[in-house]
Protein chains: 4
Amino acid sequence: MHYSVNAPRRDERVKDGDEKVNTKEVIFEQALRIFSEKGFERATIEEIADQAGIAKGTFYYHFKSKSELFEFLLQQGTHILMDNTMTALQKGGTVVERLEAVINELLSFFQDYQEFCRMIFSEILGPAAAPTRWEEIFKPDRQKYLLPVIELIREGQEQGIIRNISPQTALQAILGTISTIAMTQIFHGEHFDKMKVSSQIREILFHGILVA
Amino acid sequence: MHYSVNAPRRDERVKDGDEKVNTKEVIFEQALRIFSEKGFERATIEEIADQAGIAKGTFYYHFKSKSELFEFLLQQGTHILMDNTMTALQKGGTVVERLEAVINELLSFFQDYQEFCRMIFSEILGPAAAPTRWEEIFKPDRQKYLLPVIELIREGQEQGIIRNISPQTALQAILGTISTIAMTQIFHGEHFDKMKVSSQIREILFHGILVA
Amino acid sequence: MHYSVNAPRRDERVKDGDEKVNTKEVIFEQALRIFSEKGFERATIEEIADQAGIAKGTFYYHFKSKSELFEFLLQQGTHILMDNTMTALQKGGTVVERLEAVINELLSFFQDYQEFCRMIFSEILGPAAAPTRWEEIFKPDRQKYLLPVIELIREGQEQGIIRNISPQTALQAILGTISTIAMTQIFHGEHFDKMKVSSQIREILFHGILVA
Amino acid sequence: MHYSVNAPRRDERVKDGDEKVNTKEVIFEQALRIFSEKGFERATIEEIADQAGIAKGTFYYHFKSKSELFEFLLQQGTHILMDNTMTALQKGGTVVERLEAVINELLSFFQDYQEFCRMIFSEILGPAAAPTRWEEIFKPDRQKYLLPVIELIREGQEQGIIRNISPQTALQAILGTISTIAMTQIFHGEHFDKMKVSSQIREILFHGILVA
DNA sequence: GATGAATGAGCTTTCATTCAT
DNA sequence: GATGAATGAAAGCTCATTCAT
């Protein structure tokens with residue numbers, strides 16, 4: 001996984017042959033991995049630094065604090081999901097097509113950013129009362145992501161395409177089904193491949209478990 | 001032991017006559033509450049002991065360690081869900097009726113043991129690599145719970161009632177949908193009332209989001 | 001030096017023969033000594049704990065933080081000086097007699113609490129911008145101590161006994177002369193003996209350096 | 001080098017033409033200011049460098065260490081006081097006139113180098129056992145300053161002009177009175193103006209507090 | 001001359017756990 | 001059964017200093 005932030009532009013890198021490592025990026029990668037494996041609390045700066053091949057002090061040269069890094073990582077990830085989904089929605093199409101796009105983007109996200117999803121599920125669905133600021137940090141973004149989808153469901157209901165249930169409930173069914181399927185595989189150490197499950201997921205979500 | 005939610009703090013209790021407080025139970029209640037609020041790591045023995053109205057040393061007189069208590073709480077809860085579900089399944093009925101029973105028991109569990117569900121979601125869906133033993137502790141129980149349901153789905157597929165998809169996937173859709181809907185409400189501080197959502201959930205799971 | 005706070009009352013001590021050490025008191029003594037030698041910043045909890053013969057954790061069992069202990073020590077000391085001075089003033093007498101009492105109490109304080117005076121001079125006359133709360137902590141006490149003396153000087157001026165200068169300036173002359181003489185000796189490792197200097201100090205303060 | 005007080009921060013300077021900023025001097029100014037505000041320990045190289053508008057590395061290009069800079073600053077200041085006092089003494093006059101000169105120079109010094117005085121009081125009267133070398137650094141200079149004044153007092157005593165007390169004690173009374181009055185004002189954020197207090201100080205020191 | 005990334009020793013503080021009473 | 005003082009390993013973080021460029 002590699003959503004590196006502030007990656008140096010190509011021409012800033014020196015010495016093509018020589019492996020000029022960007023310290024900040026290495027920290028990002030290792031932190032993401034370790035946060036996703038251990039959660040925020042059990043991850044230690046010492047381990048992140050060790051794995052990144054730097055001294056503890058170097059970590060603090062690049063980041064103000066453990067929380068700051070974590071929050072940063074969190075926001076980066078959610079922004080990617082949001083952006084992708086918005087872009088997909090703007091392509092237009094029927095309600096069902098757009099719903100499929102939302103589902104598809106979510107599946108792609110789980111596939112492409114498995115480490116990040118682990119991390120987010122570890123800490124955000126996790127200890128609710130966590131450093132409460134995370135709640136605050138997330139709420140706006142979460143809404144920005146959810147509202148358009150709810151709107152889409154409403155649109156479908158007006159057209160008589162979507163069942164007349166609470167849009168929020170429908171939304172949660174979509175998110176819950178996809179994330180549970182994806183995270184179960186990811187937590188079990190399997191690599192999540194959306195191709196294997198996407199048609200099944202669409203089937204279940206659209207038409208339910210029962211035949212007819 | 002019973003998972004009482006919102007158990008009164010020690011000092012709120014009235015000791016009329018010789019109504020003895022069972023120390024162990026008081027610890028259970030407070031630990032459950034605090035674990036569910038803060039997660040395993042952020043909960044401290046000190047706080048649990050304080051809230052239970054006992055000395056820190058007393059905690060260690062009753063429990064070997066923080067983890068032991070946590071694991072105990074964990075198992076108690078899962079056993080309740082398992083037992084209830086098994087009992088419900090043994091009542092027999094058509095596949096759909098039994099599936100409805102499974103869903104119903106799950107909803108009841110989320111409703112009756114909200115604190116416990118918070119706790120479990122805080123730490124088990126949480127930091128995956130947690131004290132790795134939890135994984136080991138859970139796997140057997142989880143399987144004992146999941147297998148009969150998978151078997152039920154298979155039975156339905158053989159009868160042509162349930163769509164021809166991976167039973168595991170179907171199972172995860174059920175679990176994911178229900179838990180997400182329930183936990184969203186619980187984490188948002190609302191009291192989860194299964195009556196309000198159970199028919200909608202059944203509708204979505206059985207027939208999907210789309211009309212026809 | 002031994003202004004122990006919360007010292008156990010006699011009957012709380014167990015085992016007369018056996019040396020039952022009061023941990024909190026030992027920490028007080030060592031902290032006072034080390035703060036006075038090194039100042040707040042250069043003193044470390046590790047050293048205080050070591051010298052007190054306890055583990056680092058034990059320090060934090062008894063005190064919330066390094067600052068808290070320091071502030072506590074600070075207040076204890078100033079209260080002693082204040083109380084002694086007030087008591088002396090309440091005995092009444094002529095203005096000169098009362099002024100002599102104030103001077104005498106100050107000298108006694110420097111003599112009896114040399115460690116504390118070192119500490120206070122190390123940090124309070126010291127880094128002005130220190131954890132600013134100290135300023136706040138001290139101002140009220142300082143005023144409570146200074147005001148009665150200023151009032152005394154004013155009384156003397158009304159009676160035509162004390163020279164017509166700013167009372168604040170006169171007060172500072174008294175404090176500065178005494179503290180400089182005392183601290184010079186204390187910092188130079190000599191034991192400060194007020195008997196040796198008190199008559200000289202009174203002479204200088206009352207009649208000046210010059211003859212006639 | 002000159003101890004300019006309230007030197008403008010780097011970024012406030014206007015570089016018109018090729019008016020070169022002497023890096024070393026800028027560091028001096030900012031270090032003096034910050035040391036005087038925070039004391040040696042609480043001042044950081046980072047802040048000094050920031051305020052001087054240079055990189056941290058640049059600091060170490062100009063100075064061997066934090067202590068070295070501090071000691072240098074210390075010596076510069078004391079030399080100024082010493083030189084001024086020596087010069088004033090060499091002008092001759094009666095004992096009283098020369099004593100007035102000493103007092104006057106001291107007052108001028110407090111007025112002209114308030115930042116430096118803050119600094120010196122922050123750290124030298126401060127944590128006594130400080131990097132013990134400071135003691136060693138200072139003793140010679142201190143003696144070079146004090147001895148002539150003590151000699152002057154002795155001369156006055158031989159002439160029957162100065163009261164027959166320990167010259168050291170008299171000296172400390174002078175230093176203590178002046179420095180306490182000056183520092184009280186400086187620490188309280190007022191600008192110290194020697195004109196306002198010099199006649200009062202002379203009165204107190206020469207003739208005491210009491211009338212007649 | 002100047003830079004800033006990197007370092008590591010050292011600091012304060014937390015907390016699960018032990019144990020004598 | 002119950003207590004609470006004591007412990008020490010480990011964590012997050014700071015900062016003077018170095019050094020390749």
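Just so it is clear: chains get the letters A, B, ... in the order the sequence lines come, proteins before strands, and each one is counted from 1. Heavy-atom basis, side chains included; hydrogens, waters and symmetry copies ignored. Just so it is clear, the structure is predicted and the values come from calculations on it, not from any experiment.
Nearest-nucleotide mapping onto DNA chain F: of K56(D) and I54(C), the residue sitting toward the 5' end is I54(C). Taking for each of S65(B) and E46(C) the nucleotide of DNA chain E with the nearest heavy atom, the 5'-most of the two is the partner of E46(C). Comparing I45(A) and G57(B) by the nucleotide of DNA chain F that holds the closest heavy atom to each, the one mapping nearer the 5' end is G57(B).
The residue A43(A) sits close only to the backbone: its heavy atoms come under 4.0 Å of sugar-phosphate atoms, none of a base.
Protein atom OH of Y61(D) is 16 Å distant from nucleotide atom P of dG4(E), rounded to whole Å. What separates CZ of F40(C) from C1' of dC11(E) is a distance of 12 Å, to the nearest Å. Nucleotide dT18(E) holds its C1' atom 18 Å from the CZ atom of F63(B), rounded to whole Å. The distance between atom NE2 of H62(A) and atom P of dT14(F), rounded to the nearest whole Å, is 15 Å. For Y60(A) and dT7(E), the OH to C1' distance is 15 Å, given to the nearest whole Å. Atom P of nucleotide dT18(E) and atom NZ of K64(B) are separated by 10 Å, given to the nearest angstrom. Rounded to whole Å, the distance from CZ on F59(A) to P on dA11(F) is 14 Å. Residue D50(C) contributes atom CG, which lies 16 Å from atom P of dA6(F) at whole-angstrom precision.
Between dT21(F) and dG1(E), the distance separating the two C1' atoms is 13 Å to the nearest Å.
Of all the heavy atoms in A43(D) and F35(D), the pair that sits closest is CB-CD2, 3.6 Å.
To the nearest 0.5 Å, the span separating CG on L74(C) from OG on S67(C) amounts to 11.0 Å.
Between T23(C) and dA6(F), a side-chain N or O to OP1/OP2 separation shorter than 4.0 Å is present.
With hydrogens and angles ignored, the 3.5 Å screen pairs no side-chain donor or acceptor of K56(A) with any backbone N or O of I48(A). One N or O on the side chain of E68(D) and one on the backbone of K64(D) form a donor-acceptor pair closer than 3.5 Å.
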### Query
Which dot-bracket notation, 5' to 3', represents the base pairing of DNA chain E when pairs are defined as Watson-Crick or G-U with both distances under 3.5 Å, crossing pairs as [ ], and inter-strand pairs as |?
.||||||||||||||||||||
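A cation-pi contact, defined as under 6.0 Å to the ring centre and within 45° of the axis, links K24(D) to F63(D).
Using a cutoff of 4.0 Å between basic side-chain nitrogens and carboxylate oxygens, R33(B) and E37(B) are scored as salt-bridged.
Among the nucleotides dT12(E), dA11(F), dT17(E), the one closest to the side chain of T44(C) is dT12(E). Among dA2(E), dT7(F), dG4(E), the nucleotide with an atom closest to any side-chain atom of T58(C) is dT7(F).
Residues passing the side chain to side chain donor-acceptor pair (under 3.5 Å) test with E47(C), sequence neighbours excluded: K38(C).
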